[in-house]
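Small disclaimer: the values here were computed from a predicted structure and weren't measured. Throughout, a chain's letter reflects where its sequence line sits, starting with A, and its residues are numbered from 1.
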Amino acid sequence: MDYKQRVYRVVKKIPKGKVSTYGSISKYIKGVTPRMVGRALHTNPDPASIPCHRVVDRDGKVAEHFAFGGWREQRRRLINEGVGFIDPTHVDLGKHSWQSKK
DNA sequence: CTCTTGACCATGT
DNA sequence: AACATGGCCAAGA
């Protein structure tokens, strides 16, 4: 299986109202680095099934120019799911960080 | 095939 | 917290 498929599989598991980070995902999949996670989502083959808006960087900061047409759209969806923002571009990782259980 | 770039991260400033 | 640097590895030119 390609590394992308593994990444997608994990991202799809992120429950509603939670967010995860590229680093966490990369740690949980052996042989995959944070960059590869980002690249996998960049080449996102099925955005309708892959909740990439629930993935943020280590600081909780969202991707400003990618994710579904803009960080505002991403933020709108997250807020709609109950994820809190500490400022316009940073989600509250302390309360909503999620980790895949191996 | 080589070179550059990049949805990142850790560390230092 | 924000910015800069080095490292990681894959995809694009």
Checklist line | Nearest-neighbour nucleotide for the A:Pro34 side chain, B:dC9, C:dC8, B:dA7 considered | finding: B:dC9

Note to self: Closest approach to the side chain of A:Met36, judged atom by atom: which nucleotide of B:dA7, B:dA10, C:dC9 is it?
What the structure shows: C:dC9

Check: C:dA11 C1' sits how many Å from A:Arg39 CZ, rounded?
Finding: 5 Å

Next item on the list: Round to a whole Å and report the spacing from OH of A:Tyr22 to C1' of B:dA10.
Entry: 17 Å

Item checked: Nearest-angstrom distance from the residue atom CD of A:Glu64 to P of B:dC8 -> 10 Å

Notebook entry, point to check: Within less than 4.0 Å of OP1 or OP2 of C:dA11, is there a side-chain N or O belonging to A:Tyr3?
Noted result: yes

Notebook entry, point to check: Within this structure, what is the CZ-to-P distance between A:Arg75 and B:dA7, rounded to whole angstrom?
Noted result: 21 Å

Check: Expressed in angstrom and rounded to an integer, what is the separation of A:Tyr28 atom OH from B:dC8 atom P?
Finding: 21 Å

Checklist line | Ring center gap for A:His90 and A:Phe85 short of 6.0 angstrom | finding: no

Next item on the list: Nearest whole angstrom, please: distance from the C1' of C:dC9 to the NZ of A:Lys4.
Entry: 13 Å

Notebook entry, point to check: Rounded to whole angstrom units, what separation is found between the CD atom of A:Gln74 and the P atom of B:dA7?
Noted result: 13 Å

Note to self: OP1 or OP2 of B:dA10 versus the side-chain N and O atoms of A:Arg58: is any pair under 4.0 Å?
What the structure shows: yes

Margin query: Measuring only between side-chain heavy atoms, which start at C-beta, is A:Gln74 closer than 4.5 Å to A:Phe66?
Written below: no

Margin query: Checking contacts here: which listed nucleotide (B:dA7, B:dC9, C:dG7) is nearest the side-chain heavy atoms of A:Arg35?
Written below: C:dG7

Item checked: Cation-pi geometry met for A:Arg77 and A:Phe68 (6.0 Å, 45°) -> yes

Note to self: Regarding A:Glu81 and A:Arg54, does a basic nitrogen lie under 4.0 Å from an acidic carboxylate oxygen?
What the structure shows: yes

Check: Of all the choices, B:dA7, C:dC8, C:dA11, which nucleotide is nearest to the side chain of A:Asn44 once you look at every atom?
Finding: B:dA7

Next item on the list: Return no unless some side-chain N or O of A:Lys61 is found under 4.0 Å from OP1 or OP2 of C:dA1.
Entry: no

Next item on the list: Nearest whole angstrom, please: distance from the P of C:dC9 to the CD1 of A:Ile25.
Entry: 18 Å

Note to self: Which nucleotide wins on minimum distance to the side chain of A:Asp57, given the candidates B:dC8, B:dA7, C:dA11?
What the structure shows: B:dC8

Item checked: Non-hydrogen side-chain atoms of A:Lys61 and A:Val56 separated by less than 4.5 Å -> no

